[in-house]
There are 2 protein chains.
Amino acid sequence: MTLPQAGSDPVTVRAPRSIPEASVARLAVYLRMLGELAEQGADTVSSEELAAATGVNSAKLRKDLSYIGSYGIRGVGYSVSALIHQLERALGLNHRQAVALIGVGNLGHALAGYGGFGGRGFPVTALFDVDPDLVGIHINGILVDHVRDIPTTCRERGITIGMIATPGPAAQGICDALVEAGVRCILNFAPVVLQVPEEVEVRKVDLAVELQILAFHVARKRLVVEGAEVDGESLAVPDAQANGHPVNGTSNGGIR
Amino acid sequence: MTLPQAGSDPVTVRAPRSIPEASVARLAVYLRMLGELAEQGADTVSSEELAAATGVNSAKLRKDLSYIGSYGIRGVGYSVSALIHQLERALGLNHRQAVALIGVGNLGHALAGYGGFGGRGFPVTALFDVDPDLVGIHINGILVDHVRDIPTTCRERGITIGMIATPGPAAQGICDALVEAGVRCILNFAPVVLQVPEEVEVRKVDLAVELQILAFHVARKRLVVEGAEVDGESLAVPDAQANGHPVNGTSNGGIR
DNA sequence: GCAACTTTGTGCGTGCCTTCACAAGCGGCT
DNA sequence: AGCCGCTTGTGAAGGCACGCACAAAGTTGC
């Protein structure tokens with residue numbers, strides 16, 4: 001029942017007990033908040049409290065948690081420490097994930113120096129660039145290697161996640177190198193759609209697109225305020241509640 | 001038909017012709033790709049081509065475009081320049097949107113120096129911080145002001161969008177100041193859920209959460225490879241196609 | 001030990017988003 | 001001028017996600 005039916009399907013074994021992608025994203029949020037609660041000395045937390053703190057519906061939160069098992073106590077709530085443990089296990093955080101960062105330009109440099117990754121179990125253990133002025137320097141104690149060393153270095157250090165912060169045109173080549181190095185998960189900041197084999201997971205972060213979405217809402221609000229369309233056509237969005245940002249979709253690049 | 005029924009509803013006029021949030025995000029992606037195509041001298045583009053280039057289903061692309069009007073030519077495709085114009089209009093990019101950035105630390109500094117914003121119609125025209133060592137310096141030719149000046153400066157410069165790149169605990173206060181300054185759209189990099197009035201739009205970008213989602217997929221792939229669960233429970237995701245990242249949801253902070 | 005209260009876990013209805021499939025429309029070719 | 005092929009735009013269906021509301025289960029008080 002919970003076992004993958006090994007070999008039942010010659011092609012990619014579809015694993016059971018699936019967790020919706022949307023829930024996975026929220027589980028990570030719950031985990032962060034639980035960490036804060038633990039620091040504050042909280043022992044247990046109810047779904048209602050945790051939901052309020054993370055800005056979601058409490059029923060949705062309970063359903064999300066139910067995907068990873070039944071670790072709540074009826075009438076009481078959830079044990080903070082136990083829930084943290086289960087979430088870390090479910091999210092695969094019980095193994096440290098070494099991260100490689102490619103592209104130490106403007107954004108890349110900031111990402112390399114940003115302590116939030118290592119602090120949350122994602123130590124950046126390899127840096128790469130092509131710029132001769134950058135290759136050889138140290139950032140946060142980590143040597144910047146040349147991108148040609150990606151395959152060997154990544155394998156040596158057991159890198160599981162790659163972050164691409166290069167200019168758009170370079171991204172696909174870097175991506176290919178990472179895939180060759182055995183990296184199966186990539187966080188892409190470059191403004192391109194990466195072509196990858198089926199087994200590789202890509203997430204895209206595009207800051208320019210985020211701003212454009214906001215700009216759309218600015219325009220919409222302006223329309224509502226003025227009470228009429230500005231130059232011919234009107235635009236709107238159905239609801240757009242205060243905090244929920246329904247979909248990211250396949251967002252496109254934003255780092256130049 | 002296309003006109004907002006002005007005043008039909010005393011409370012917040014629900015505008016017609018609504019565009020799904022998911023589509024808005026993709027429209028921004030199409031726009032970027034169209035810009036590249038225009039540079040390459042493309043005159044027209046079919047939905048199939050544009051869909052392939054942006055990694056979406058062509059029917060979905062056509063439906064997305066249909067929300068902003070019928071600007072395609074059957075049997076031919078879309079005029080690249082005309083479509084760019086219409087998308088810019090629909091996304092509210094015909095007015096320049098001035099952006100304020102609060103928090104010039106690690107990430108904020110990179111964002112301030114990142115040219116991709118101004119280049120795409122979002123000039124960062126105001127910087128703020130609390131750190132006396134930072135207030136007064138110039139980044140990319142822009143003076144860093146003290147956060148206490150947010151209300152006045154933002155109103156003076158007609159800021160419509162705020163980006164919060166402060167540590168988590170400071171974010172809510174900054175957010176309140178921005179709202180007071182009349183800013184109605186906020187891009188939040190801080191790891192907190194911002195409380196805002198109903199009319200304010202908040203989008204959240206959380207890099208740590210992005211990595212955790214990837215870590216989940218790493219763990220899932222490991223399970224599939226090993227063909228059995230590692231420590232008791234198995235985890236999986238229904239499909240997770242190569243490029244589509246369905247939902248962002250209310251993601252939580254990642255900048256410390 | 002029983003009753004009342006609290007909180008979890010989930011079945012179900014609703015609505016949005018995605019995808020298929022096709023009619024309508026436009027240009028090019030003869 | 002008429003036909004053919006190509007592409008758009010959209011109706012309809014399916015799937016997913018959200019949120020309500022409630023039963024199950026555990027705790028507290030008497």
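Note that the coordinates shown come from a computational prediction; the quantities given were computed from them, not determined experimentally. In what follows, every chain begins at residue 1, and chains take the letters A, B, ... in the order their sequences are listed.
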Euclidean distance, atom CD1 of residue A/Ile19 to atom P of D/dC18 [Å, nearest integer]
14 Å

B/S/- along nucleotides 21-30 of chain C (protein heavy atoms under 4.0 Å) is B--BBBS---

For A/Ser23 versus A/Tyr67, what's the shortest heavy-atom pair and its separation?
OG-CE1, 3.5 Å

Can a side chain N or O of B/Ser66 be found less than 4.0 Å away from OP1 or OP2 on D/dG9?
no

Integer-rounded Å distance: C/dG11 P and A/Tyr67 OH:
11 Å

Atom-to-atom span, CG of A/Leu61 to P of C/dT10 - whole angstrom
14 Å

B/Ser47 vs D/dT7: side-chain N/O to OP1/OP2 distance below 4.0 Å:
no

Side-chain donor-acceptor pair present, B/Glu21, A/His217, cut-off under 3.5 Å
yes

Which pair of non-hydrogen atoms, one from B/Thr160 and one from B/Val183, has the smallest distance, and what is that distance?
O-CG1, 3.7 Å

What is the distance, rounded to the nearest whole Å, between atom CG of A/Asn57 and atom C1' of C/dT14?
14 Å

Would you check if the side chain of A/Glu49 reaches a backbone N or O of A/Ser46 as a donor-acceptor pair within less than 3.5 Å?
yes

What about A/Lys63, does its side chain sit under 3.5 Å from the base of C/dG9 through a donor-acceptor pair?
no

Has B/Lys204 got a side-chain atom pairing as donor or acceptor with B/Leu187's backbone, closer than 3.5 angstrom?
no

Roughly, in whole Å, what's the span from CG in A/Leu50 to C1' in C/dT7?
14 Å

D/dT7 phosphate, OP1 or OP2, under 4.0 Å from B/Tyr71 side-chain N/O
no

Between D/dG5 (C1') and B/Glu48 (CD): distance, integer Å:
15 Å

Has the side chain of A/Gln86 got a donor or acceptor atom that lies under 3.5 Å from a matching backbone atom of A/Ser81?
no

From NZ of B/Lys60 over to P of C/dC17, roughly how many Å is that when rounded to an integer?
11 Å

Nearest-Å distance for atom pair CG/C1', residues A/Asp64 and C/dT10
13 Å

A/Asn57 side chain vs A/Leu61 backbone, donor-acceptor pair below 3.5 Å
no

